[in-house]
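Please read all numbers here as calculations on a predicted model, not as lab measurements. To find a chain, count down the sequence lines: A is the first, B the second, and so on, and within it residues start at 1.
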Protein chains: 2
Amino acid sequence: MLQLSKKVEYGLMALRHMAMNPSGQFFTAKEIAVRCDVPYELLAKVLQKLSKAGLLISIQGMRGGYSLARRPDELQVSKIIQVIEEEKPTITECYAEGMDNCSIYDSCTIRRPLEKMQHNLNVLLENTTLEQII
Amino acid sequence: MLQLSKKVEYGLMALRHMAMNPSGQFFTAKEIAVRCDVPYELLAKVLQKLSKAGLLISIQGMRGGYSLARRPDELQVSKIIQVIEEEKPTITECYAEGMDNCSIYDSCTIRRPLEKMQHNLNVLLENTTLEQII
DNA sequence: CATAACTACGACTTAATCAGTCCTATATTG
DNA sequence: CAATATAGGACTGATTAAGTCGTAGTTATG
């Protein structure tokens with residue numbers, strides 16, 4: 001309940017690992033997986049998403065790897081979650097997907113009231129940057 | 001991701017329904033289920049938990065039902081979630097269950113850094129009361 | 001130019017959790 | 001004692017998360 005997924009956890013661990021080392025340095029997925037004791041295949045996909053979204057720079061081929069594309073203080077946790085999960089973190093699905101996916105959309109009595117809570121969560125996740133969780 | 005469960009949603013809807021009517025009034029599970037357009041059996045269990053935890057007063061038997069045991073402004077969302085889920089809302093399992101349930105507890109590099117975020121979430125959920133989501 | 005060391009990406013399997021249903025017991029009223 | 005509630009255990013099905021596998025494409029280097 002309200003928990004981060006393993007993918008997000010692994011992603012944060014990897015990003016933290018990179019942020020703790022001199023900027024510009026490149027790391028392979030395998031190296032990070034070993035260091036963070038995390039399943040390689042899963043981590044690899046997470047890194048691919050982060051790279052595709054422009055949060056990481058990737059270099060293919062031998063001597064390739066990943067490197068942070070932004071300064072840690074510019075990297076919001078909300079953005080990291082959004083990229084990895086492919087959707088913004090929402091406390092209830094209708095905020096993300098609208099009425100089409102909610103069978104009681106019209107009769108739902110808490111959608112509007114919960115908007116405040118959602119807003120506060122947004123602020124919290126936007127204000128938390130990678131730098132703060134190093 | 002970071003979403004409330006249906007049980008919590010239904011619980012909040014039911015509590016809101018009660019809070020919007022004169023205090024002291026009793027409601028049956030069936031009545032609330034119909035009004036909120038929510039599965040009766042599931043809702044019934046949620047109400048039982050809330051009552052067992054002292055957030056609701058229950059009266060059994062014919063002409064029975066549930067009533068709020070506290071004022072809406074005394075009912076924290078964090079408490080409601082905790083009762084329904086039977087655990088405090090945590091962004092990562094180790095905060096709730098400790099090292100026994102986490103295979104990488106020792107090597108986990110983000111547990112301590114994330115404590116700030118967890119703390120901020122706690123504050124948010126504690127400061128949001130039922131009154132505010134009416 | 002072949003090979004080793006990488007990223008990229010889709011398909012698949014398994015595990016875990018959540019949502020929902022059903023059944024029975026117990027309490028209370030009239 | 002019949003009707004209407006809460007109480008609660010057991011079960012099934014649906015959905016999602018987690019993890020695995022296979023393969024293709026890219027690049028440095030001997």
Could you state the CD-P distance from B:Glu93 to C:dA16, rounded to the nearest angstrom?
11 Å
Selection from C:dC6, C:dA5, C:dC9 that lies nearest to any side-chain heavy atom of A:Gln48
C:dC9
Looking at B:Ser5, I'd like to know whether one of its side-chain N or O atoms comes within less than 4.0 Å of OP1 or OP2 on C:dT17.
no
With sugar-phosphate meaning primed atoms plus P, OP1 and OP2, does B:Tyr40 contact a base, only sugar-phosphate, or nothing at under 4.0 Å between heavy atoms?
base
Assign A:Ala44 to base, sugar-phosphate, or nothing according to its heavy-atom contacts below 4.0 angstrom with the strands shown.
nothing
Between the side chain of B:Lys49 and the main-chain N/O of B:Val83, is any donor-acceptor distance below 3.5 Å?
no
Using five pairs at either end of the helix from C:dC1-D:dG30 to C:dG30-D:dC1, determine the angle between the two local helix axes and round it to 10 degrees.
10°
Knowing that exactly one of B:Leu4, B:Thr90, B:Ile91 qualifies, which makes a side-chain contact (heavy atoms from CB on, under 4.5 Å) with A:Leu2?
B:Leu4
Any side-chain N or O of A:Tyr66 below 4.0 angstrom from OP1/OP2 of C:dA8?
yes
At what distance, to the nearest 0.5 angstrom, does NE2 of A:His17 lie from CZ of A:Arg35?
5.0 Å
What integer distance in Å separates A:Lys6:NZ from C:dA16:C1'?
12 Å
Quick one: pull up CG in B:Leu56 and CG in B:Leu68 and give me the separation to the nearest 0.5 Å.
6.0 Å
Without decimals, in angstroms, what is the distance between B:Phe26 CZ and C:dT28 C1'?
13 Å
Distance col, row A:Arg70:CZ vs A:Thr129:OG1, nearest 0.5 angstrom, shows 12.0 Å
Between A:Ser67 and A:Gln25 (side chain of the first, backbone of the second, donor and acceptor by atom type, cut-off under 3.5 Å), is there such a pair?
yes
Between the OG atom in A:Ser58 and the NZ atom in A:Lys52, the distance rounded to the nearest 0.5 Å is 11.5 Å
Checking contacts here: which listed nucleotide (C:dG30, C:dA19, C:dA8) is nearest the side-chain heavy atoms of B:Leu42?
C:dA19
Hey, which of these two, A:Lys45 or A:Gln60, hits DNA chain C nearer its 5' end, going by closest nucleotide?
A:Gln60
Anything under 4.0 Å to a heavy atom of chain A counts; send over the first and last such nucleotide of DNA chain D, read 5' to 3'.
D:dA18 to D:dT29
Between A:Lys7 and B:Met62, which has a closest nucleotide on DNA chain D that is more 5'?
B:Met62
By nearest heavy atom, map B:Glu41 and B:Glu85 onto DNA chain C; which one lands nearer the 5' end?
B:Glu85
B:Gln118 (side chain) donor-acceptor with B:Pro89 (main chain) under 3.5 angstrom:
yes
Specify the separation, in whole Å, of atom OH of B:Tyr10 and atom C1' of C:dT21.
13 Å
Short question: side chain of B:Glu126, backbone of B:Gln76 - any donor-acceptor pair under 3.5 Å?
no
Under 4.0 Å between any heavy atoms, over every strand shown, what does A:Leu47 touch: base, sugar-phosphate, or nothing? Just pick one.
nothing
